[in-house]
Amino acid sequence: MVAPFLAYPVFVMQLLCFALFACAFNLLIGYTGLLSFGHAAFFGGAAYITGYLVKHMGLTPELGVLAGTLAAGAMGYVFGSLTIRRQGIYFAMITLALAQVVYFIALKAPFTGGEDGLQDVPRGMLFGLIDLGHSYHVAGKPLELNLYYFVFTIFCLGFWIIHRAIHSPFGQVLKAIRENEPRAISLGYKVERLKLLAFVLSASLAGTAGATKSIVFQLASLTDVSWHTSGEVVLMTLLGGLGTVLGPVVGAFTVITLHSELSAIGSWVTVVIGVTFVVCVLAFRRGIVGEVLEIIRAWSLKHND
Amino acid sequence: MHLSYQMVLAQLMLGLNNGAFYAILSLGLAVIFGLLNIINFAHGALYMLGAFVALLGYNELGPLLGMPGFHMNYWTALIVSPLVVGLLGVLIEKTMLKRLYKVDHLYGLLLTFGLALILQGVFTNYFNVSGVSYNGKPEILRGVVNLKFMMFPTYRLWSIGISLTVCFATWFIIERTKLGSYLRAGTENPSMVQAFGVNVPLMITLTYGFGVGLAAFAGVVAAPIFSVSPIMGAEMIITVFAVVVIGGMGSIMGSIITGLSLGMVEGLTKVIYPPAANTVIFFMMILVLLIKPAGLFGKEE
């Protein structure tokens, strides 16, 4: 709640958007065992749709975000139906290739602005009443508090939905599918339908994150739908800790901070991100939160004896 | 729209040319996947590296050695570049991939993704993304050939020929020789093959080296046609992944045939409806997935 007073607000809002994106992604890989390499399609796709509707149709920001979420959910349903029958590496490759279709559409379609992206998306009036572009002067610095609390609320809502999903019977079944799919089938669960539901939920929330991002930055760009973004969200989740509730948030924080701190070194950032990937995979598969949980677990085991 | 016979044929030939690159790259992926069970995301970056070895060998090696007039010529690059990149592949397998065989195969994909970012980042830092053209095209391959129905650049004809030769040679080695039968047996049952006295870990290492060597070879062949740039592999690899999904990862021949035919489909689309040329392969993929989820030549799990 106090974050905007402590750090650069746009940075915090960017962080919240990517944290929500990573949490949504983690719902799929961490709890269902499906590695989607095309999640940027939902993130960026929703960013474009929200951007377009708010800019050209005059939608209010909350309706824009809602529309983006629904569109991403619908896209998730189509992609999910196509991919859910395949597993592991195949699943990853097919989601990647499908996301590439979205990338080409974003590049070629008449309403997306091609290489330039969709620019100058207005922040608009929340419910037609509250001006999200308004900035307050606190201690001589302009702070866009309305916008910040809008983003913060969306993040909390999304995070709460994911938290509820994970800790519901539905979430338990997803974990069962991840651990042993044939057994889940033999227990009578309609595995394909549950997986599809998880995929749609994950896609929708990734869309929420992308839609919010387009309001914050007033921009939907090709970067949002590119496979680098898909890779980045994998890294965030992996670095923070697959299948942990807070992992993706920590991961997003780390990666976004890396980006902003290292922006001065140009394309060496890509190298740093690549090295982080390699180190994570080789030495650090539990991720930051995963490792911490492991330490706590080991410690409590030792002290309970 | 009026479609001339000549235009269609020309685009088909250019498509065949692209298809030859798709074939050789998806073949390398299939060979690596067969034995290591890893989708080599770094394949595109290693293809790019192959092209850069040829480029730097031609432009920079002479000055570096203090002999300004010296160029590593095209023919040497065709041998040296796959060897250099293959050696790097051996190093990658020995130091990194080897540690991942016991965990989920997805980690292999993630590791090679990281490697791709590193390679791409390093080269972007030293070279412009817009690319450099390679001037080492040999004299004999300049000019055009009269194919009766059209005039076609000699170099492109050569690149189709040499790529296909390498593809079919690889197919022959894997499907028709004793070495190949070890490889195939190794994918079925590594511990059994090990028990027969075959050094399976070494075989895996060399297979990875060979697979990425193929990528580098494609890179050298591509260098005189496309401009050599740090992102050339990133653009290529996603299309090749789609080719792999369409073909199914099962068969070597499948990847060659799928690669070639999709190149031609792309070429045809350029004549019929140009804006769709970049996406047609992905739409084909969706179509194939709806009908045959395991791909055209793949086996159902």
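Chain identifiers are assigned alphabetically (A, B, ...) following the order of the sequence lines, protein sequences preceding nucleic acid strands; residue numbering begins at 1 within each chain. We use all heavy atoms of the structure for the numbers below, so side chains are in, but hydrogens, waters and symmetry mates are not.
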Select one option (side chain, backbone, both, neither) describing which atoms of B:M96 are under 4.5 Å from chain A's heavy atoms.
both
Quick check: are there more than 12 heavy atoms from other residues, nucleotides or ligands sitting under 6.0 Å from CZ of A:F104?
yes
Most heavy-atom pairs under 4.5 Å with chain A, out of B:L289, B:V245, B:L111, B:N37, belong to B:L111
Given that the side chain runs from C-beta out, which part of B:I238 has a heavy atom under 4.5 Å from chain A: side chain, backbone, both or neither?
side chain
Bottom line for B:L109: the part with an atom under 4.5 Å from chain A's heavy atoms is side chain
Does any backbone or side-chain atom of B:Y126 lie under 4.5 Å from a heavy atom of chain A? Answer side chain, backbone, both or neither.
side chain
Consider side chain to side chain contact (heavy atoms under 4.5 Å, CB included). Of B:V240, B:T170, B:I32, B:V244, which one does B:L27 pass it with?
B:T170
Tell me, side chain or backbone of B:A116 under 4.5 Å from chain A's heavy atoms, or both, or neither?
neither
Output field: ring centroids A:F37/A:F91 closer than 6.0 Å
no
For the pair B:F41 and B:F241, name the ring-plane relationship: parallel under 30°, tilted 30 to 60°, perpendicular over 60°.
perpendicular
Most heavy-atom pairs under 4.5 angstrom with chain A, which of B:I38, B:I39, B:L115?
B:I39
For the residue pair A:F21 and A:F18, does the interplanar ring angle fall in the parallel (under 30°), tilted (30 to 60°) or perpendicular (over 60°) class?
tilted
Quick one: what part of B:L100 sits under 4.5 Å from any heavy atom of chain A, side chain, backbone, both or neither?
side chain
